[in-house]
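First up is the structure itself, then whatever we jot down about it.
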Amino acid sequence: MNNAKNFYINGSWVAPASANDFDVINPSNEEVCETISLGSEADTNAAVAAARAAFDGWSQTPKDERLKLLNRLSEVYNDRQEEMAQAISLEMGAPQDLARAQQVGAGSWHMGGFLKAFEKFEFDRMFTDTEATLYEPIGVCALITPWNWPMNQIVLKAIPAMAVGCTMILKPSEIAPLSGILFADFVDEAGFPKGVFNMVNGDGPGVGSQLSAHPEVDMVSFTGSSRAGIAISKAAADTLKRVSLELGGKGANIIFADADEKAVTNGVIRCFRNTGQSCNAPTRMLVERSRYDEAVEQATEMANKTSVGPASEEGRHIGPLVSQMQFNKVQGLIEQGIKEGANLVAGGPGRPENLNRGYYCRPTVFADVTPDMEIYKQEIFGPVLSIMPFDDEAHAVALANDTPYGLTNYIQTEDQEKRRRVARKLRSGMVETNGSGFAQGSPFGGYKQSGNGREGGIFGLEEFLEIKAVSAWN
């Protein structure tokens, strides 16, 4: 890849201040697929300085000019979709179909939502006949993004920040950095002014911590683990900068007795999508007791039908986990589930029989899981589903809310009033019902330890804005 070892700072590709190579591993075969550089404090400071210098000019650029550049970036992104799909597939193990349709597709979908919202967005609004409320860009933003949905998260941060007039430094995950490097190349091709968008590779303790604590950074937008989100919040506290967090989840999929006959199999598919590496995955399946035994049989059958294979292959299958560390974590939790007495009905420890190299995990289902078990409590981030019965509506709600997380919950029932009642009682930022997905521009974010703030559409634009009241405007 061109510029794999370089950083994008002040409109140019530049070499790191000091050499610090880092190998990117292809999770499908455990081989090095690229070598990047990890940034130093000098690189971080250079990127922040470029963003700070560009802020005054970019923030005052007319809305129409910013919109024109964003539309151009959208064209470049769509023209080079296949490049992006191959980068994502290589770096984090998304199979070809998933990489093209969902990984890359999520980026273009969110970009379209932002463009529609931005076209109608009013920065200057009258609060009374004489008093105005002005929405203004917050300033220099650090965007720290994860490896599991690279373009989903980069687009959800970079596009609204650019749109409203912020300047930024992107730090992609060092585990899956190729898509971030490619996105920087897209920005360069689109012709944005120098310093508006900067990209520095690095790890969390290095560049991530430096950006979080930097006095010239006005906001940090982070997606990743709750543990890292806490560390970033602490690092940012000394400068009282805004911190927007999209963190982990332990979603409950509540299946009532009258749910659609495909509710269970669709729930398994949704849990295993992206090899279970999604913060909003429905990893706890709660089934009304009268339908529970049938649900366990259906989930077992679906897991056994789920094929696993290399990301380079076409077809519907799940790929590897992203890294050795993630593989070890998931394997450890599967072993813990067995040790604690959960009923293993599909999958289990180790790789699938036909795969002896790569970070592949067997699609796994545990039944009869109880709230005291680690697999009930922890975000596993792998293709592991926990199933448990509930007795009535109140019991289902209590189980669903029995978690420190609150990102996405799911409800399956034909009773509309029940769906509404339960949705109101669930402590999560999103509730998906009967498999109906969310509209373009819908707010994405969570309660409790799943973070704060919202991404997507108008909500995402507002995340990067300050509000100013001005009297006697008229």
Side-chain angles (χ1 to χ4, degrees), residues 249-274 276 278-303 305-306 342-343 345-346 363 365-371 373 375-377 379-380 383-440 442-448 450 456:
K250 192 69 177 175
N253 186 5
I254 303 172
I255 300 177
F256 287 97
D258 67 339
D260 182 273
E261 62 179 12
K262 295 182 179 179
V264 172
T265 55
N266 287 339
V268 176
I269 292 168
R270 182 69 177 78
C271 176
F272 291 169
R273 188 177 73 174
N274 205 39
S278 300
C279 52
N280 60 348
T283 55
R284 293 181 299 151
M285 183 177 285
L286 315 181
V287 185
E288 193 161 4
R289 196 172 294 277
S290 63
R291 192 169 166 179
Y292 180 72
D293 290 342
E294 177 190 38
V296 172
E297 291 178 5
Q298 291 173 331
T300 302
E301 182 181 2
M302 191 65 227
K305 286 181 178 178
T306 302
N343 181 14
V345 296
V365 177
F366 285 102
D368 309 330
V369 175
T370 55
M373 296 178 180
I375 57 172
Y376 176 94
K377 299 174 185 177
E379 183 183 39
I380 299 174
V384 181
L385 175 66
S386 297
I387 311 180
M388 61 216 74
F390 67 86
D391 297 315
D392 54 28
E393 188 176 315
H395 188 203
V397 170
L399 285 170
N401 287 338
D402 182 23
T403 172
Y405 297 108
L407 188 58
T408 311
N409 285 305
Y410 301 76
I411 305 169
Q412 318 292 333
T413 175
E414 296 303 309
D415 186 335
Q416 185 181 65
E417 288 307 311
K418 183 185 288 185
R419 287 203 308 273
R420 290 175 176 175
R421 281 196 312 271
V422 174
R424 288 185 182 278
K425 294 174 183 176
L426 295 176
R427 297 288 296 164
S428 58
M430 296 168 286
V431 180
E432 182 180 302
T433 73
N434 285 358
S436 180
F438 296 103
Q440 191 178 48
S442 179
F444 188 100
Y447 291 11
K448 301 187 286 184
S450 288

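Only a predicted model underlies this, so the values are computations on that prediction, with no experimental measurement involved.
Using a 4.5 Å cut-off on side-chain heavy atoms (C-beta onward), Phe444 and Asn280 make contact. Under the 4.5 Å side-chain criterion, counting only non-hydrogen atoms from C-beta, Lys448 is not in contact with Pro404. Residues Val431 and Thr433 form a side-chain contact, since some pair of their non-hydrogen atoms from C-beta on lies under 4.5 Å apart. Side-chain contact between Glu379 and Cys279: present, with at least one pair of heavy atoms (C-beta onward) separated by less than 4.5 Å. Between Val384 and Val365 the shortest side-chain heavy-atom distance does not fall below 4.5 Å. Between Arg284 and Lys250 the shortest side-chain heavy-atom distance falls below 4.5 Å. Annotation: side chain of Phe256 is not in contact with side chain of Val287 (no heavy-atom distance under 4.5 Å).
Contact between Ala252 and Asn409 at its shortest, heavy atoms only, is N-OD1, 2.9 Å. Across every non-hydrogen atom of Val369 and Met388, the tightest pair is O-CB, 3.3 Å. Between Ser450 and Gly406 the shortest heavy-atom distance is OG-N, 2.8 Å. Closest heavy-atom contact between Leu399 and Pro371: CD2-CG, 4.0 Å. Across all non-hydrogen atoms, the minimal contact from Pro282 to Cys271 is O-CB, 3.7 Å.
Listed by first then second residue, pairs satisfying salt bridge (charged side-chain N to carboxylate O under 4.0 Å, His left out) with a partner in residues 424-435 read Glu393-Lys425, not counting sequence neighbours.
One finds no salt bridge joining Glu417 and Arg421 here, because no Lys/Arg side-chain nitrogen approaches an Asp/Glu carboxylate oxygen to under 4.0 Å. Taking 4.0 Å as the cut-off between side-chain N and carboxylate O, Arg291 and Glu288 do not count as a salt-bridged pair.
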Determine, step by step, whether Leu426 and Asn401 satisfy the side-chain contact (heavy atoms from CB on, under 4.5 Å) criterion, reporting the C-alpha distance in whole Å, the side-chain angles of both residues, the deciding distance to 0.1 Å, and the verdict. CA-CA 6 Å; Leu426 295 176; Asn401 287 338; 4.0 Å; yes
Just do the side-chain contact (heavy atoms from CB on, under 4.5 Å) check on Tyr410 and Ile255 with the steps written out, would you? CA-CA 8 Å; Tyr410 301 76; Ile255 300 177; over 6 Å; no
Show your working on side-chain contact (heavy atoms from CB on, under 4.5 Å) between Phe438 and Met430 and close with a plain yes or no. CA-CA 9 Å; Phe438 296 103; Met430 296 168 286; 3.8 Å; yes
Audit row: Val268, Gln298, side-chain contact (heavy atoms from CB on, under 4.5 Å) steps and yes/no: CA-CA 9 Å; Val268 176; Gln298 291 173 331; over 6 Å; no
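To the nearest 0.5 Å, the span separating CD1 on Ile387 from OG1 on Thr283 amounts to 11.5 Å. Annotation: the span from Asp258 atom CG to Lys418 atom NZ amounts to 5.5 Å, rounded to 0.5 Å. In this structure, Ile254 CD1 and Leu286 CG are separated by 5.5 Å, a value rounded to the nearest 0.5 Å. Separation of atoms CG (Leu385) and OG1 (Thr300) is listed at 9.5 Å; rounding is to 0.5 Å. If you take NZ on Lys305 and CD1 on Ile269, they are separated by 9.5 Å, rounding to the nearest 0.5 Å. How far CE of Met285 is from OG of Ser386: 10.5 Å, rounded to the nearest 0.5 Å.
Remark: side-chain polar atoms of Ser278 are not paired, donor with acceptor, to backbone N or O of Asn274 under 3.5 angstrom. Of the possible polar contacts, none joining the Asp402 side chain to the Ala398 backbone as a donor-acceptor pair under 3.5 Å is found.
Here the two rings, on Phe366 and Tyr376, have centers that are 6.0 Å apart or farther.
The side chain to side chain contact (heavy atoms under 4.5 Å, CB included) test with Tyr405 is passed by exactly one of Leu407, Thr408, Thr403: Thr403.
Between the side chains of Tyr292 and Asp368, at least one donor-acceptor pair of N or O atoms lies under 3.5 Å. Side-chain atoms of Asp260 and Gln412 include no donor-acceptor pair closer than 3.5 Å.
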